[in-house]
Amino acid sequence: MNQNTKDRFFITTPIYYVNGVPHLGHAYTMVATDAFARWHRLKGEEVFFLTGTDEHGLKVAQSAAEEGLTPKEWVDKVSVGFVEAWEKLGIDYDDFIRTTEDRHYKTVSAFLQAIYDNGYIYKDLYKGLYCVACEAYYQKAELLEGDLCPTHLIKVTEMEEANYFFALSRLQNDLLAWYEANPNAAIPESKRNEALGFIKGGLEDISITRTSMTWGVPVPWDKEHVFYVWCDALVNYATAVGFGVDQDRFDQWWPSVHHVLGKDILRFHLVWWPAMCMAAGVAPPSQLIVHGWLLVGGEKMAKSRGNKVDPLELVSTYGLDPVRFYLMRETPFGSDGDFSYEGLVQRSNSELSNNYGNLLSRVIAVVVSKLHGVAPKASPDSPIAAEVERLAQQAAAKWDSFAPSEALESSWEIIRVTNSYLEANEPWKMEESDELREILGSALEVLRIVSILAYPAIPTTAAAVWGRINMDGELVDQNISDSLRWGQYLGGSLLEKREPLFPRLSLEN
Ligand code: MSP
């Protein structure tokens, strides 16, 4: 393995279908991945955060036709909407891949040619029931009554074509052995078990090319065919780091790659993709991180169901960080969660305005009124120091294990401990003294530590707190290997009372 690999962290989102504007479900995958990337940057790792758009396939070709555009005109138009949305959601990615780019055609050709040369691809006749929205074939038994796709609730169509197959069935034992040897390859465990269930249940070979349409990457050994969209899409992860084009670059980033994905695309990522890597002679990914669905009224958000929530509208109504915080805090990553406006307002008011925001404004108010605004430094002997350090380590461990809601829970526990400490000592009733300085210095130290821990979820406001307590340097440049230790708030500068950072929200907003 390359010597630099351990300091590098490559993380990806799925690439989004360009069949409309992004909805809150897409934003959920995106904010989580952004938070993980930010956390790893704080750890001092070299991070490569990849996202993009999935621009081939029947569905895209159909959407384009409905709009009276060529597929290329359509994807150019729609993919811009994703770029703009991610900017407004504060997503700090390093690369945006589009599967219609030349670099992707090169890698798909090289990757699938490697699988072909290794003897895992053969030609045969295929007949099956196809869901255009999933871009996938279904077994009859998997469908709902009336031959409806279980994800999109639309009728599947019968398709028959001569095409190439990937010999997935031959990799069944290799996949099982790989999961056995890598217990953390897929998290959470329930999702790993689901994948193992598919594999143990018996794998069928998959049809990976199409002749019924032309909107795809041409098969290098048979130009009559294009690759099936899922096959082309999964390879994007290898394209972005130069597979088949720049071997040195690929070796630097692969296989330390972490794929974040929703549970609806588990089978493609946890079964097909590691198998495709093995067949191509490439190491499978380091980790597959599966999250649940964000439901609205108990149902998955989807264009075909007409229950989409617009993330940009939410951000303009409630503010960016309250939305990001709600998405990361409300539901344990891996489980399904129900989106509600009430939940968003309630989370933001209780945890951002009342806890975090009030701690900040209250401490600064007392420093201004009792200590002429001069910030005291953190005392090494503070009675809350040990508990705060313990909780901070706990929060860090949760970020490390891709558990944002628990990471934020432990971080907010630090705030609760501190608020109780203040309630018990009532510094606002004390006169200027060393004891008063110690209490306020401790609270400022907590604000410093919590801002670091909250930064991945709420980067803008965490950085604003950092500024208001007059920390030197940028929060983003902190290295958490030592900045989470107690006792680094130096004080000495003048603090000022300012308007609240987290205004209280109401449903009427
Ligand atoms: N194009 C494929 C992925 C190819 S990756 C090689 C795709 N695109 S998608 O646009 O339909 O979905 C992208 C991501 O958004 C998936 O992780 C999916 O789980 C996520 N979500 C879409 N709706 C969602 C919710 N309602 N809730 C949470 N995430 C959801 O699949």
Side-chain angles (χ1 to χ4, degrees), residues 11-34 50-60 63 75 78-79 81-82 85-86 89 91 96-100 104 107-108 111 131-136 149 151-153 191 216-217 227-240 257-274 276-277 285 288-311 326-328 330-340:
I11 189 158
T12 69
T13 69
I15 47 173
Y16 301 90
Y17 287 132
V18 281
N19 61 341
V21 288
H23 62 62
L24 193 61
H26 302 137
Y28 181 69
T29 306
M30 211 54 191
V31 168
T33 312
D34 180 63
L50 172 70
T51 190
T53 40
D54 187 355
E55 306 189 351
H56 290 126
L58 202 48
K59 186 161 57 173
V60 172
S63 301
V75 296
V78 183
S79 75
F82 282 82
W86 302 152
L89 283 160
I91 310 295
F96 190 101
I97 190 167
R98 297 182 55 192
T99 55
T100 47
H104 185 59
T107 293
V108 171
F111 201 95
C131 170
V132 176
C134 292
E135 300 280 10
C149 156
T151 302
H152 296 94
L153 312 181
K191 300 294 191 263
V217 182
F227 284 113
Y228 165 49
V229 61
W230 262 104
C231 212
D232 139 18
L234 287 163
V235 176
N236 91 84
Y237 304 131
T239 303
V257 58
H258 303 256
H259 300 306
V260 178
L261 56 128
K263 68 177 188 179
D264 47 329
I265 52 177
L266 180 151
R267 190 163 43 125
F268 303 107
H269 283 83
L270 274 61
V271 183
W272 293 20
W273 179 231
M276 284 169 68
C277 289
L288 298 142
I289 302 143
V290 186
H291 66 73
W293 283 344
L294 205 56
L295 307 171
V296 176
E299 287 201 346
K300 182 177 184 263
M301 219 174 290
K303 190 179 179 190
S304 51
R305 296 182 193 203
N307 62 352
K308 294 198 300 181
V309 175
D310 177 358
Y326 173 70
L327 293 177
M328 292 298 91
E330 189 72 8
T331 309
F333 208 61
S335 310
D336 287 351
D338 224 324
F339 169 80
S340 74

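Start at 1 and go down the list; that is how both ligands and their atoms are numbered.
Of the inter-residue distances, the one linking Leu50 atom CG with Thr33 atom OG1 reads 10.5 Å to the nearest 0.5 angstrom.
In this structure, Asp232 has no salt bridge (charged side-chain N to carboxylate O under 4.0 Å, His left out) partners at least two apart in sequence or on a different chain. The side chain to side chain contact (heavy atoms under 4.5 Å, CB included) search around Ala233 returns Ile15, Asp54, not counting sequence neighbours.
Aromatic ring orientation, Tyr28 versus Phe333: tilted (interplanar angle from 30° to 60°). The aromatic rings of Phe82 and Trp86 stand perpendicular to each other, their planes meeting at an angle above 60°, with 30° marking the opposite boundary.
Listed by chain and residue number, the protein contacts of ligand 1 are Pro14, Ile15, Tyr16, Tyr17, His23, Gly25, His26, Tyr28, Thr29, Asp54, Trp230, Ala233, Leu234, Asn236, Tyr237, Leu261, Gly262, Asp264, Ile265, His269, His291, Gly292, Trp293, Leu294, Lys300, Met301 (heavy atom within 4.0 angstrom).
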Side chains of residues 260-270: which donor-acceptor partners sit under 3.5 Å, not counting sequence neighbours?
| unit_1 | atom_1 | unit_2 | atom_2 | d |
| --- | --- | --- | --- | --- |
| Lys263 | NZ | Asp336 | OD1 | 3.2 |
| Lys263 | NZ | Asp336 | OD2 | 2.9 |
| Asp264 | OD1 | Trp293 | NE1 | 3.2 |
| His269 | ND1 | Ile265 | O | 3.1 |
| His269 | NE2 | Tyr237 | OH | 2.7 |

